[in-house]
Enquirer: 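Before I ask anything, let me first share the structure, which is written out below as structure tokens.
Position 1 is the first residue of the sequence; numbering continues from there.
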Amino acid sequence: MVEPPRTCRRAYCVATALIVAGTLHKCDGFTSSFVSHKFTSKSSKRGGDNFSFGLCPRTLSSSVSSSCPRVSSSVASSVASTNTGSGTIGISSRPTEGGGSNELSDAAQWHRERRRQMLEKYGTQISSLEREASSQSIALPLLGLANLSLLCMSIWSGSLHPVKVLLLAIFPGSMFSLWQLQILHDSIHGCLLNKGETTFFGNVSRRRLQDAILFWGSMPSVFGYYLYLKYGHLTHHKHVGDPEKASLQKLFNSTAIEFADGDVLFVAHRMKLKGEIGPSFTIPPLRKGGKSSKVTMSISKMGFNAWKRSKPFRNALLFTMSFMYERLMLTMNDVIVAASGRNFFFPQKPKKFHDECAKYTRCAILVRSLLFAIAGWKSLLFLYLSETLWSIPPLPSAAMFVTNHGSDTVTNPSGTVDCVPTASTYSGSRDTF
């Protein structure tokens, strides 16, 4: 067994202590969300009893409070704060004033109006950021560093005790996995590559390079972020909060190549969503002449239904169990997709979707198989833990997704109370570091 140097062990302990301390210092909303008790506004577009582990006093709209990354870069600049000199706007059940596309959900229309207000007030200061800003010189090397680090640490994990694998995954493994997700997220939003260039490395188009970065940049992983980012995140910004388009049932039964709102897959572990659940499977008859039966099941729904009000530790444990169990099942499903060429969770989707899923899972499983051959099962355990631990308590990054973008309400001059779907949190330079 390889023992890390004493200085490394000390540095690890200090870093872990800082992470735990950061939960209390930086995200006080996280601690309060475990013990507070307040129900959501009736105007919430998600509907139902929409609460976090201990009934967080903020409504958790699925838009940016999901287990996928917080909105950043150009999207964050358009959301900004809910309080400006031009006033606060909210979502109501009424059509958005001034028209707008019927394809956008109420929450998406709110964000579009919010962006307009911000550009109107701060246009000269922020419009150049939207047109020109990119993170290519910093983020691309960081993505390479994150993926190389995950690869090396997964191999190293083969010689470590499982407890040390867990500690290594907590820090820095989960940090590198989150970097991987965040940088790929910025890439699909067009914020990664230099915006003034249309081709790279001679004649490689921007779209082709972005696709390649997303495909290969999401490895190594045990399930990864590719499927969600490829087919579910950009549409999430369009349909967030719309139960007619973004319910679990419609997501699994859709015939479109993209998910109406990919975040629904993750937020269902800690939110009660409007609409029917899914996926549904048809069970063939057990005997000749018998009738087939239809079974609808959802790991996230089963876990969330077991939550109890004012039981924060129970709820946090159930969230952790359902989230990690589902990720394990998805990892196993990758083998079925690679072998069969179809993702049976989405039977109605077109052939192009299934072909893309099969191509990715075959490449990803090849990488995992090589790691298994080199370092054994603990290499995959490290990747599994790194990929999941940052999304669950008590790591501070989990607090960000539970509370950082909770929604609020606003009282209009007419006296009606409307929903404000998101609110950004700003901090000083020390906290940002």
Side-chain angles (χ1 to χ4, degrees), residues 61 63-65 68-91 95-143 179 181-200 204-211 213-214 229 233-241 263 400 404-405 407-408 410 418-429 431-433:
S61 151
S63 58
V64 272
S65 60
C68 302
R70 63 179 289 189
V71 174
S72 63
S73 300
S74 62
V75 180
S77 67
S78 65
V79 176
S81 163
T82 54
N83 298 316
T84 67
S86 58
T88 304
I89 61 174
I91 292 177
T96 303
E97 293 182 5
S101 171
N102 291 330
E103 294 183 357
L104 296 178
S105 67
D106 284 347
Q109 291 185 40
W110 182 92
H111 283 115
R112 185 176 63 173
E113 172 63 14
R114 185 68 193 146
R115 175 181 177 276
R116 186 196 65 77
Q117 286 189 4
M118 295 300 292
L119 287 173
E120 183 179 292
K121 185 174 183 181
Y122 302 107
T124 57
Q125 298 153 271
I126 66 175
S127 57
S128 61
L129 295 175
E130 189 175 49
R131 292 193 307 267
E132 304 167 6
S134 68
S135 56
Q136 178 175 316
S137 60
I138 298 176
L140 270 181
L142 282 180
L143 178 61
W179 284 13
L181 171 58
Q182 190 71 11
I183 295 169
L184 294 175
H185 165 267
D186 281 6
S187 178
I188 65 168
H189 275 292
C191 306
L192 179 61
L193 301 178
N194 290 336
K195 294 181 179 178
E197 301 179 31
T198 57
T199 59
F200 300 81
V204 180
S205 68
R206 171 180 292 271
R207 172 57 64 87
R208 184 179 175 187
L209 182 56
Q210 285 184 172
D211 289 343
I213 290 173
L214 178 60
L229 291 174
H233 183 71
L234 293 180
T235 50
H236 150 72
H237 288 292
K238 184 177 181 179
H239 298 139
V240 55
D263 283 42
M400 174 180 70
N404 193 47
H405 283 286
S407 63
D408 208 339
V410 59
D418 293 334
C419 177
V420 177
T422 63
S424 293
T425 300
Y426 296 91
S427 60
S429 58
D431 286 343
T432 301
F433 175 79

Enquirer: Using every non-hydrogen atom in the two residues, find where Lys195 and Gly190 come nearest and quote the distance to one decimal.
Expert: CE-O, 3.4 Å
Enquirer: Return the set of residues passing side chain to side chain contact (heavy atoms under 4.5 Å, CB included) with Ser128 (not counting sequence neighbours), or none when no residue passes.
Expert: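 Per chain and number, Ser128 pairs via side chain to side chain contact (heavy atoms under 4.5 Å, CB included) with Arg131, Glu132.
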Enquirer: Does Ile188 have any side chain to side chain contact (heavy atoms under 4.5 Å, CB included) partners at least two apart in sequence or in another chain, and if so, which?
Expert: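 Counting only residues at least two positions away or on another chain, Ile188 forms a side chain to side chain contact (heavy atoms under 4.5 Å, CB included) with Leu214, Leu229, His233, Leu234.
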Enquirer: With sequence neighbours left out, write down each residue that passes side chain to side chain donor-acceptor pair (under 3.5 Å) with Ser134, or none if nothing qualifies.
Expert: Asn194
Enquirer: In Å and rounded to the nearest 0.5 Å, what is the CG to OG1 distance from Leu193 to Thr198?
Expert: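 OG1 of Thr198 is found 11.5 Å from CG of Leu193.
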Enquirer: Does Ala108 offer a backbone N or O that forms a donor-acceptor pair with the side chain of Ser105 under 3.5 Å?
Expert: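 Yes; judged by distance alone, with no hydrogens or angles, the pair exists.
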Enquirer: Can you tell me how far CG of Leu119 sits from CZ of Arg115, rounded to the nearest 0.5 angstrom?
Expert: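 CG of Leu119 is found 5.0 Å from CZ of Arg115.
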Enquirer: Is there a donor-acceptor pair under 3.5 Å between the side chain of His111 and the backbone N or O of Ala107?
Expert: yes
Enquirer: With rounding to the nearest 0.5 Å, note down the distance linking SG in Cys191 to CG in Leu129.
Expert: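 Cys191 atom SG to Leu129 atom CG measures 10.5 Å (nearest 0.5 Å).
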Enquirer: Can you tell me how far apart CD (Glu120) and OG (Ser127) are? Round to the nearest 0.5 Å.
Expert: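 The distance works out to 13.0 Å.
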Enquirer: Tell me which one of Ile138, Leu184, Leu140, Leu209 satisfies side chain to side chain contact (heavy atoms under 4.5 Å, CB included) with Leu192.
Expert: Leu140
Enquirer: What do the steps show when you test Gln109 against Arg112 for side-chain hydrogen bond (donor to acceptor under 3.5 Å, both in side chains), and what is the final call?
Expert: CA-CA 5 Å; Gln109 291 185 40; Arg112 185 176 63 173; 4.8 Å; no
Enquirer: To the nearest 0.5 Å, how far apart are NE2 in His239 and CG in Asp263?
Expert: 13.0 Å
Enquirer: How long is the span from the CZ atom in Arg206 to the OG1 atom in Thr199, to the nearest 0.5 Å?
Expert: 9.5 Å
